[in-house]
Amino acid sequence: SGPCRSSEGVNGGWHIYSGKDVAYPFGHGLSYTIFEYSVAKDWAPSSDVAGSLWEIVIAIRNAGLSPGVEVPQLYLKFPPEAAVPEEEPRLHG
């Protein structure tokens with residue numbers, strides 16, 4: 001087997017639906033229960049070193065009557081002055 005090559009670049013994934021009507025938008029999340037999100041620790045740099053990673057801690061609680069599993073998604077949009085500014089938020093974690 002050889003390397004896996006991708007030609008779609010940053011316009012792949014959910015971007016193919018950008019501007020199109022869809023029944024359930026990406027990340028819509030259908031479930032039989034209800035989840036509550038809360039911020040346990042707000043955005044903060046992980047160290048005092050310039051360019052260090054930032055972190056946020058969230059707590060997720062099943063507040064519904066049915067068991068369920070939740071997969072949180074983090075979408076980020078870099079500012080215009082970034083080296084590679086982005087037009088739309090992208091899934092980063």
Colleague: Do E55 and K41 have side chains that get closer than 4.5 Å, going by heavy atoms?
Modeller: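 The answer is yes, as the side chains (C-beta and beyond) meet within the 4.5 Å cut-off.
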Colleague: Can you name the nearest heavy-atom pair linking L65 to T33, along with the distance?
Modeller: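 Taking L65 first and T33 second, the nearest heavy atoms are N-OG1, 3.9 Å.
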Colleague: What residues, two or more places apart in sequence or in another chain, satisfy side-chain contact (heavy atoms from CB on, under 4.5 Å) together with P72?
Modeller: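 Listed in chain order: Y37, I58, I60.
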Colleague: Would you say Y75 and Q73 make side-chain contact, with heavy atoms under 4.5 Å?
Modeller: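 Sidechains of Q73 and Y75: in contact.
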Colleague: Determine the minimum heavy-atom distance between I34 and N62, stating which atoms define it.
Modeller: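 Reported closest heavy-atom pair: O-OD1, 3.5 Å.
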Colleague: Suppose we screen for side-chain contact (heavy atoms from CB on, under 4.5 Å). Which residues come up paired with V69, at least two apart in sequence or across chains?
Modeller: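 Residues passing side-chain contact (heavy atoms from CB on, under 4.5 Å) with V69: none at all.
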Colleague: Just grab all the salt bridge (Lys or Arg N to Asp or Glu O under 4.0 Å) pairs involving residues 61-70, residues at least two apart or on different chains.
Modeller: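 Checked against salt bridge (Lys or Arg N to Asp or Glu O under 4.0 Å) - neighbours excluded - the pairs reaching residues 61-70 are E36-R61.
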Colleague: Take a 6.0 Å sphere around CG of L74 and say whether it holds more than 12 heavy atoms from other residues, nucleotides or ligands.
Modeller: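 Atom CG in L74 is packed in, count exceeds 12.
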